[in-house]
S.K.: 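One structure, pasted below without further comment.
Order of the sequence lines sets the chain letters (A, B, ...), proteins ahead of strands, with each chain counted from 1.
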2 protein chains.
Amino acid sequence: MATLPAKAEQSTSFQPLYAQVYALMTERIGSGQWQPGALLPNEFQLAAEFKVSQGTVRKALMALEANKLIVRRQGHGTYVARHTAQQALFQFFRIVDLDGTRLTPASRAFAQKSAKATRAQTQALGLKPGAALHSITRVRSFEEDAAIFETIMVPAALMPGLSVILNQEMPEEMYVIYQQHFGITITRADETLAAVAADAQDAAHLQVPEGTPLLEITRIASDLNGKKVELRVSRCKTSAYRYAAEIT
Amino acid sequence: MATLPAKAEQSTSFQPLYAQVYALMTERIGSGQWQPGALLPNEFQLAAEFKVSQGTVRKALMALEANKLIVRRQGHGTYVARHTAQQALFQFFRIVDLDGTRLTPASRAFAQKSAKATRAQTQALGLKPGAALHSITRVRSFEEDAAIFETIMVPAALMPGLSVILNQEMPEEMYVIYQQHFGITITRADETLAAVAADAQDAAHLQVPEGTPLLEITRIASDLNGKKVELRVSRCKTSAYRYAAEIT
DNA sequence: GAGTGGTCTAGACCACGGT
DNA sequence: CCGTGGTCTAGACCACTCG
């Protein structure tokens with residue numbers, strides 16, 4: 001959540017009306033009462049329902065839109081945001097070429113397994129010791145050039161049957177799967193980057209000599225309630241690719 | 001230039017009132033008519049001056065605050081944002097330790113020179129071929145551990161006398177200097193990251209073996225008009241440090 | 001033409017910070 | 001106490017999309 005916190009309690013922690021409306025609406029989205037893609041009531045209907053003015057509803061809607069939980073289209077209506085492969089890539093994929101042009105990867109998965117989380121993993125995801133993780137390993141390529149070797153780990157309890165789904169279709173974007181099959185909408189990712197030397201496994205998958213410097217991106221992705229849902233470690237060649245970040 | 005421009009906007013270039021007010025105010029800040037740290041007139045005074053309602057002024061002020069050009073303090077007033085070392089570090093410095101804790105570097109500069117920009121540099125900064133660049137090379141450390149070796153390049157024409165200023169005081173944050181001495185406020189930085197092997201120079205300054213993987217951060221910093229002001233290349237050890245980014 | 005979101009206005013009251 | 005920004009309301013009109 002970028003702009004608005006949630007939860008209103010007693011007089012000790014006053015929340016403006018629009019923040020309370022915001023919280024009520026995120027709850028409906030998070031609970032599935034409003035499904036991704038659904039059309040919301042218009043501003044006046046919402047205002048009547050929440051017993052506030054249309055301007056107050058508008059302020060909550062603007063915040064929801066800023067946090068990408070809804071999409072507003074003039075003359076059309078307000079919709080719950082839905083992850084599509086393009087949208088998720090545009091929002092979360094930060095690898096560009098040397099000119100800064102956005103790239104679109106092709107993914108090839110080749111391993112899935114379940115295992116107990118290590119201490120570091122439980123800590124990163126805020127899980128209980130010994131929780132089960134499901135992990136997917138894959139290689140992402142740009143025009144046949146294997147560029148990224150990555151492992152994606154999710155708490156098994158959050159996504160029962162994930163392996164069955166992935167055996168049927170291996171998607172370009174995991175976040176579409178999370179949302180469509182498990183009602184989990186990723187809204188935030190925190191990444192830390194380091195430079196590492198390619199080990200034997202990296203070298204084999206990315207076709208570089210062992211010891212080649214690689215960009216290691218560690219991501220923790222969270223849903224709209226701030227719950228940590230996914231741990232992902234990506235190792236990326238930077239011979240012709242870059243990680244792009246903007247600070248504003 | 002004092003008040004609102006001509007009305008009668010054509011359909012091709014319609015701008016909402018609040019956007020026009022926003023533009024007028026950024027212009028005053030950029031031109032130095034409102035200096036960093038200055039107290040702005042209150043909302044009603046601004047509304048009267050621009051001949052719009054207070055609500056419209058408010059919307060422009062909220063946008064300016066979101067873009068960090070002003071700071072608003074309830075019961076106090078609205079001020080033009082001023083860079084301080086802490087503020088600039090908090091906003092622009094993305095290196096953290098392994099726990100994700102923000103770090104504060106100590107800098108030691110050891111070289112300054114002026115030279116013609118290379119083709120790649122003129123292209124990155126949008127300069128004419130052969131433009132002069134002033135460059136500063138320094139090492140940044142965390143608790144005596146030399147961690148970052150970086151080169152900062154600025155168009156000499158933008159900052160006449162920079163070397164004299166830096167010989168008198170070597171600041172922790174260049175952006176304070178840019179603002180206080182040259183009226184240039186950095187509001188945006190675009191960074192691209194790669195993994196590289198330490199060369200002999202890196203190895204000597206950062207006390208690592210040649211070939212050690214380093215994080216190379218290339219930054220282009222821009223002022224509030226979007227003008228590219230600085231090119232910076234930082235090479236960072238990631239033995240105990242990380243680059244942190246968040247995606248929302 | 002009907003319905004939607006987008007902009008603009010005018011006025012009210014509240015919370016905060018300093019006198 | 002006063003002046004500031006923060007919130008909330010009510011109503012008006014405009015711009016866009018679609019049937």
S.K.: Which listed nucleotide (D/dG6, D/dT9, C/dG5) is nearest to the side chain of A/Leu17?
M.R.: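 Selected nucleotide (nearest to the side chain): D/dT9.
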S.K.: Give a yes/no answer on whether the side chain of A/Tyr18 brings an N or O atom under 4.0 Å of OP1 or OP2 in D/dC8.
M.R.: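 No, outside the criterion.
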S.K.: Determine: side-chain N/O of B/Thr78 to OP1/OP2 of D/dG5, distance under 4.0 Å, yes or no.
M.R.: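 Yes, because at least one side-chain N or O of B/Thr78 sits under 4.0 Å from OP1 or OP2 of D/dG5.
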S.K.: Assign each of A/Gly55 and A/His76 to its nearest nucleotide of DNA chain D by heavy atoms, then name whichever residue's nucleotide is nearer the 5' end.
M.R.: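 Mapping each residue to its closest nucleotide by heavy atoms, the 5'-most match is A/Gly55.
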S.K.: Judged by each residue's nearest nucleotide on DNA chain D, which is more toward the 5′ side, A/Val52 or A/Gln74?
M.R.: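 So the residue in question is A/Val52.
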S.K.: Using whole Å, report how far CG of B/Leu40 lies from C1' of D/dG5.
M.R.: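 Rounding to the nearest Å, CG of B/Leu40 and C1' of D/dG5 are 13 Å apart.
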S.K.: Without decimals, in angstroms, what is the distance between B/Lys51 NZ and C/dT9 P?
M.R.: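 It works out to 13 Å between those atoms.
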S.K.: Would you mind telling me which of C/dG5, C/dC8, D/dT7 lies closest to the side-chain atoms of B/Arg58?
M.R.: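 So the nucleotide nearest the side chain must be D/dT7.
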S.K.: Within less than 4.0 Å of OP1 or OP2 of C/dT7, is there a side-chain N or O belonging to B/Lys59?
M.R.: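 So the side-chain polar atoms of B/Lys59 do come within 4.0 Å of the phosphate oxygens OP1 or OP2 of C/dT7, strictly under.
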S.K.: Send over the distance from B/Gln54 CD to D/dG3 C1', rounded to a whole Å.
M.R.: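 After rounding, the reported distance stands at 13 Å.
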S.K.: Phosphate oxygens OP1/OP2 of C/dT4: is one of them under 4.0 Å from a side-chain N or O of A/Arg72?
M.R.: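 For A/Arg72, the contact criterion (side-chain N or O under 4.0 Å from OP1 or OP2 of C/dT4) is not met.
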S.K.: Are A/Arg219 and A/Glu191 close enough for a salt bridge, meaning some N to O gap below 4.0 Å?
M.R.: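 Result for this pair is yes, salt bridge flagged.
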S.K.: Could you check how far CD of B/Gln15 sits from P of C/dG6, rounded to whole Å?
M.R.: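 Interatomic distance, CD of B/Gln15 to P of C/dG6: 16 Å.
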S.K.: For A/Tyr241 and A/Phe142, take the angle between the two ring planes, folded into 0 to 90°, and tell me which bin it lands in: parallel under 30, tilted 30 to 60, perpendicular over 60.
M.R.: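 Geometry flag for A/Phe142 against A/Tyr241: tilted rings.
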S.K.: In whole angstroms, how far is the P atom of D/dT4 from the CG atom of B/Leu46?
M.R.: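 So the CG-P distance, B/Leu46 to D/dT4, works out to 11 Å.
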S.K.: Could you state the CZ-C1' distance from B/Phe44 to D/dG6, rounded to the nearest angstrom?
M.R.: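 Rounded to the whole Å, the gap is 12 Å.
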S.K.: So how far is it from B/His181 NE2 to B/Gln179 CD, rounded to the nearest 0.5 Å?
M.R.: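 If I round to the nearest 0.5 Å, the distance is 11.5 Å.
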S.K.: Between A/Arg138 and A/Glu173, does at least one N-O distance fall below 4.0 Å, as a salt bridge requires?
M.R.: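 Looking at A/Arg138 and A/Glu173, the cut-off is not met.
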S.K.: Could you state the CZ-P distance from A/Phe50 to D/dT9, rounded to the nearest angstrom?
M.R.: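 My rounded result for the distance is 13 Å.
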S.K.: If you compare every side-chain N and O of A/Thr56 against the phosphate oxygens of D/dT7 (OP1, OP2), does one of them come in below 4.0 Å?
M.R.: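 Answer no for this pair, as no side-chain N or O of A/Thr56 is under 4.0 Å from OP1 or OP2.
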S.K.: Identify whether any heavy atom of A/Arg73 sits under 4.0 Å from a base atom; if not, whether one sits that close to sugar-phosphate; answer base, sugar-phosphate or nothing.
M.R.: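 If one applies the 4.0 Å heavy-atom cut-off, A/Arg73 turns out to touch the sugar-phosphate alone, with no base involved.
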S.K.: Would you say CD of A/Gln123 has more than 12 non-hydrogen atoms from neighbouring residues, nucleotides or ligands within 6.0 angstrom?
M.R.: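 No.
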S.K.: In whole angstroms, how far is the P atom of D/dT17 from the CG atom of A/Asn42?
M.R.: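 It is 18 Å, rounded to the nearest whole Å.
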